[in-house]
There are 2 protein chains.
Amino acid sequence: MENNIDFISKTLTFWDNLSKKEQDLILNNIHYSNYKKGDNVHSGENDCVGVLLIKSGELRTYILSEDGREITLYRLNEGDVCILSASCILENITFDVHIDAELDSEILLINSSIFKQVSSKNIYAENFSYRLTIDRFSDVMWAMEQILFMSFDKRLAIFLIDELSRNHSNSIALTHEQIAKYVGSAREVVSRMLKYFQTEGLVKLSRGVVEIIDKKGLMKLI
Amino acid sequence: MENNIDFISKTLTFWDNLSKKEQDLILNNIHYSNYKKGDNVHSGENDCVGVLLIKSGELRTYILSEDGREITLYRLNEGDVCILSASCILENITFDVHIDAELDSEILLINSSIFKQVSSKNIYAENFSYRLTIDRFSDVMWAMEQILFMSFDKRLAIFLIDELSRNHSNSIALTHEQIAKYVGSAREVVSRMLKYFQTEGLVKLSRGVVEIIDKKGLMKLI
């Protein structure tokens, strides 16, 4: 744990406003977790796993419809703190999200009840959790505007180019179903647009793989 | 102003945590405004009108696409406080909204810079603005789930029934274009669904008016 204290005190920006006792309470109740790519970290209303400090990796937060459609809200990376996984401690959060590990991830987890114990007595900790939540509000508004307002060819082109730079490769190993989940659309809509992209010479499709042929052409769509 | 003090101190729940000087600063800088139905109250990024205490009426908050499409996020009524009209004082709000008066509205307005002056020194006022913002985050998530996940017949039926109970009438005097703006869809989609509702005997359409014929039938769709 010693080598984590630096990371914790830097990540929890209210650290210096905690008493020694409050710091110890957190340090004695912080747990190291390892998630494999694809693992579910937090699942809707019956879950309140705690405040997550991301040491490495990536977490994806999304909402899920009754019929299984996913809409990605935002992604968190190294050094970010995930607060909606402890939404039960924020009484005015009335919605539920799901969180998956998108990459193998190392997480330091502060149990929800411990965080609540600290933030209910220390207004700086409370303020930290509010400000973090409002950051995520801004992320969600961004996602919502992308999904609702942007024409679909543009959205799909942005997604493909983002994936390219994340993977450092010309191929994207995702099914149309998976791409649809990421961009918040239906599989049929994605397939149709990808086929259109193929006829335009922008991509080449094969089973489970989208190969980018003309990155410049895709970027012109954006 | 005297008869407003009760309303202000009840509505701003941090009132008792303010010093007499802070209370006076707010009272000396609160302004009464009257908005007519349809008036724009706040418009995107170049605007930061202030914190609005709604004495009567209704404000509607929405986002606007480049091509003029509106998506309604939430509505605020008597006793509510509107904070996103002062989003410039919340540094982690990176998005812009528009706010219109939906009914004739009486508003008490606290100038953004005065509210910032108080909340930057009084952590209770700061916390109040954060909690209020997070309430709106929950509203937005609700709207987003409605828009993205709900089938359109259901959404339109809910909208029509809500309008009925707001108007205490069997007729809704809105064009298809206006309805489309309220439910976050395109005019063509609304017109198509309304025509379908008409063939099902649920509504009767005439220029600028939707008359509800079979409310029970509409409610069955929900």
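Below, chains carry the letters A, B, ... as their sequence lines are ordered, and counting in each starts from 1. Only this structure's heavy atoms are used, side chains among them; waters, hydrogens and symmetry mates stay out.
At a threshold of 4.5 Å between non-hydrogen side-chain atoms, the residues A/M144 and B/L73 count as touching.
Annotation: side chain to side chain donor-acceptor pair (under 3.5 Å) contacts of B/S19 (sequence neighbours excluded): B/E22. Applying the side chain to side chain donor-acceptor pair (under 3.5 Å) rule to B/S113 yields the partners B/N111; only residues at least two apart in sequence or on another chain are considered.
Sparse packing is recorded around OH of B/Y196, with 12 or fewer heavy atoms of other residues, nucleotides or ligands lying under 6.0 Å away. Counting non-hydrogen atoms of neighbouring residues, nucleotides and ligands closer than 6.0 angstrom, the CZ atom of A/F152 exceeds 12 such neighbours. Counting heavy-atom neighbours within 6.0 Å of B/F95 CZ, excluding the residue itself, gives a total above 12.
Residue B/R131 comes nearest to A/N92 through the heavy atom pair O-ND2, 2.9 Å, listed as atom of the first residue, atom of the second, then distance.
Chosen from B/L90, B/N127, B/T133, B/I63, the residue pairing most often with chain A at heavy-atom distances under 4.5 Å is B/N127.
Among residue pairs with one or both ends in residues 38-63 of chain B, those qualifying as ring pair (Phe, Tyr, Trp, His ring centres under 6.0 Å) are B/Y62-B/H98; sequence neighbours excluded.
Among the residues in residues 134-143 of chain A, those with a non-hydrogen atom closer than 4.5 angstrom to a non-hydrogen atom of chain B are A/I134, A/D135, A/R136, A/F137, A/S138, A/V140, A/M141.
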